[in-house]
Amino acid sequence: MRRPSLSRRTVLKAGAATAVATTVALPEAAAAARPDTGVSAYPFPLTAVRLLSGPFLANSGRTQSYLTFLDPERLLHMFRVNAGLASSATPCGGWESPTTELRGHSMGHVLSALAQAYASTGDTAFKTKGDYLVTQLGLCQDRATARGFNTGYLSAYPESFFDRLETGQSVWAPYYTLHKIMAGLLDMHLLAGNAQALTILTRKAAWVQLRNSRLTQTQRQNQLRTEFGGVGETLFNLYQLSENPAHLTTAQYFDHAQVLDPLASNVDALNGFHANTQIPKALAAIRGFHATGTTRYRDIAANFWNFVVNQHSYAIGGDSNGEYFQLPNRIASELSDSTCECCNSYNMLKLTRQLFFTFPSRAAELMDFYEKALYNHLLGAQNPASSHGFHCYYVPLRAGGIKTYSNDYSNFTCCHGTGMETNTKYGDSIYFYNGNTLWVNLFIASTLTWPGRGITIRQDTTYPEAPTTRLTVTGSGAIDLRVRIPGWTSGAQVRVNGVLQGSPTPGSYLAINRTWASGDTVDISLPMSLVLEPTPDNSTVRAVKHGPIVLAGQYGSSNLSGLPTLTASSLQPSSTPLQYTATASTGAVTLLPFYKTHGVRYTVYWNVTSTPTLPAFVAHYPFDEASGTTAADATGNGRTATLAGSAGRTTGRTGNAVSLNGTTAYVSLPSGILAGATAFSIATWVRVNTLANWARLFDFGSGSGTNMFFVPRNGGGVARYAITAGGAGAEQRIDAPSALPAGVWTHVAVTHTGNLGVLYVNGVEVARNAALTTRPANLGTTTQNWIGRSQYSGDPYLNAAVDSFRVYSRALTAAEIASLNSSGS
Ligand SMILES: [Zn+2]
C-alpha cells in the first residue's frame, strides 16, 4: 500500500480466546453463472480441505483468535458516523483512525477473513459475526441518499473523496478501500452464503459504474494513476456471477493503459512503479481473460508474473524495495529495512494460482514459486509469539534487519489486513482437480474430502522439517494423481503401497493413474540439499537454502553494518532439522529457517567468497544398474543422478549404458554439480543413434540465460561446446571441425582451465579456444544439469546411448583423456 509517512508501529501483545471449531453442514461455494474461459484446473472449495497439525494450522489458529476478539462495533464506528447513524464505540486507530483517509479498508479484510475462517473450519461463530457486519453495512448503505451521497455508496468516509480523485486533488486511495469492502462482501456471499452481501455489493457496483461512466476515457485513465487495488478483479468476479454486462463494462473502466500496454508487448517497464499498486492490475487481467477470452489479458498477466518472479523477486519470493519495483535483476543492491511488503506476496500468490488454472503446462514452475513465497515470506510474516497473529508490513532483508509486527487496534495497515486473509485460507492451494485428475501441489498436513466422490485424501507430513509426505486414500475410485516434484529436488521417489513408481522428474508432476482403494498409500520423498543461491547482480552475494527453505543467520540483538562474509565450507547441518552452524566474519553463527526467525536480528544474504570445495573427481556415472531410475555415483561422493522421462538401459561401451529415446528421456544430475568450479572436465562415451541439430549430449544450467552444453551437431553441421552466463548472445564456444558420427561409440571430452578450453573426440584434440573467460563458477549453482536435454524447450532431446559419464573440477591432461579413450572406461 502506498502510504504517507507514518511513525513506526509499536508492537503490542494481548491474550485471546481460542475459536472452537464445530462441525456443521456448509454451503458449497456458489457456482459461477458464467464458466471461466481458458481454465483447465479447478480449486476445491475451502470447505473440502481441513488443515492438520503443523505451522499453517498454528498460524490459522492465531488469526482466528484475533477475528473472534475483534469488536464489530469498533469496526463499524466510522461507517455509522459517515452514514449519520449513532455510534458510541471507541474508534479504531492506525490506518482506521477517524482522520485517516484509508479508513474502512479493514472491514473488507475482516469480512473476507471471517468468510474464509468459516469455510475452513465450519465454526459458525465466524459466519455469525460476518452476517452481523453485513446487516449493519446494509443499514449504512441505505442512508446514502439521506446523506447526500449517490445511491449505493457505502464507505467510512464521504463521497467527496471521489470528487477530489476525479479532479486530480490529493487523496490517499479511495477505490483501494472500496475494493476491499467489495471483495469482502463477495466472499461473505460465496463462502458464507450471505445473500444480502451480494445485494449490497451489486448496489455498490452500480455506484462505481455511475461514477465512472460519466467520465471521459482520459479522465478515467488519469484517475487510475492513484492506487485503486483490485476493484477490476472483483468486478470481473461479480460479472462471472451476475452475468450482468454492466459489471463487465465497469470492470474494464479500470484497465490502466500506462501499465498494461508495455506488459502486453512483453516489455518490463516496472522500474519506478509502486509494486502493490500494479500486482492487482495483473490479477484483474487474468480474471478478465477468464471472463472474456481476450488473450491480451492473459498475456499481460503471464508477462507480468515472469518479470516479477524472475527479475524482481528476492530469495524469499517477495519483491519491492521501499514498496517500489526497481530495475530488473537488482537484488544485492536493493537490501533494506523496507523490502518485501507482505501484501505483494499475498497478491502474487493469488496471481500464481490463477495462472496455474490457466497454464497447466507451467504448473510446476508456478507452484515452485508459490511454495517459495508461501514458506519463506508469508508463513514467517506472522508473529508466533502473538496469540492474535500480529503481522509484518515489510520483511527487512538488509543484514541486521528484524521483523516488526502489527497490533490489535492501533495499526490496521494493509498488510495487517491481507495477513488476516492469508492466514484463513491455507487450504486453498494444496489440491486442485479437473475431472478425475487430482494435483497435489503443496506438502501441508491436511485432509481433502472430494465433494461428490466419497473419496478422502489424508496428507500426513512434517514437511519441510522432513522431506517426505504420505497420502492415504479412503474410499475408492479412479484418480489420475499428479504429484508435484519440485524443481529443487534430485533423486525424488514416489511409492504406492511401497512400490516405486515411474521416474520422478524435478520440475514436473509424476502421474499415477489408477483405481484407488481404501487404505492405499502414496509415500513421497523429496531429497533437499544445501544451495547457495547467488543474486543476479552480484554472484558473491548469496542466500543459503536447504531445499526450498531459506535459512537466516541468527544475530540476536546484534545489529550489523554490512553483509557478513560466510565461509561456505564451514556450513554444517545440526541434529535439528533445517538448522546449520557456520563460521562467518562475525564469528560462529547459527542458521535457522527464515520463517522461524522472529524477535532477533538476522541476515538472509551473505558475502560468499568461496563455495563448498568440490572434489577433484566430482561424479562418475557408469550407468551399470540393471533397472530403476537412479544412477549411482561411482566416485562415492553421493551425487546420485536420476533417469527421467522414460530413460532406459541398453548394452553399453562397458556394462550397461543409459538409453535416451530422443523425445522425452534424459538424466538429471544434482544441483550445483560444478558450482564454484574455475576449471573442469567432462568426459563420456556416447553412441548417437540419430543426429538432430542442437540435441544436447549434456546441458548444465539454470535456464536459457545460464548454461554450458555440448551438442553432437549444431545448426552449422559441427559439434559444439558452449558456455554462457548471459544467454545465447554471450556464448563462448569451441566448435569441432565436424559433427559426431552416428551409430558408433565415440569418446567425447571437454576440458577447461585458465582461459583455455579443449575439445577431444576419441582421445584426440579436435579444437580449442584460448579466450574462454566464462567458467562454471560464473554460472552460480545450476539447477538443471541434464544429459540429453536442452535448457531450451524447443530443442530436440538426444537420441543416443550414453556410458561412463565423468565430471571433474580440474582439467584433465591430454594424456589422461587419451587413457580414458583407450581403456574404454
Ligand atoms: Zn501491505
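Numbering of ligands and ligand atoms starts at 1, following listing order.
When the options Asn441, Leu283, Asp428 are evaluated for a side-chain contact (heavy atoms from CB on, under 4.5 Å) with Arg353, the one that passes is Asp428.
No salt bridge links Glu421 with Lys350; every basic N to acidic carboxylate O contact stays at or beyond 4.0 Å. The pair Asp163-Arg211 counts as a salt bridge, with a side-chain nitrogen and a carboxylate oxygen less than 4.0 angstrom apart.
Under the salt bridge (Lys or Arg N to Asp or Glu O under 4.0 Å) criterion, Arg330 pairs with Glu334, sequence neighbours left out.
Between the side chain of Thr68 and the backbone N or O of Gln64 there is at least one donor-acceptor pair closer than 3.5 Å.
For the Zn ion (ligand 1), the count of nearby protein N/O/S atoms, taking only those under 2.8 Å, is 4.
Side-chain atoms of Arg287 and Gln240 include no donor-acceptor pair closer than 3.5 Å.
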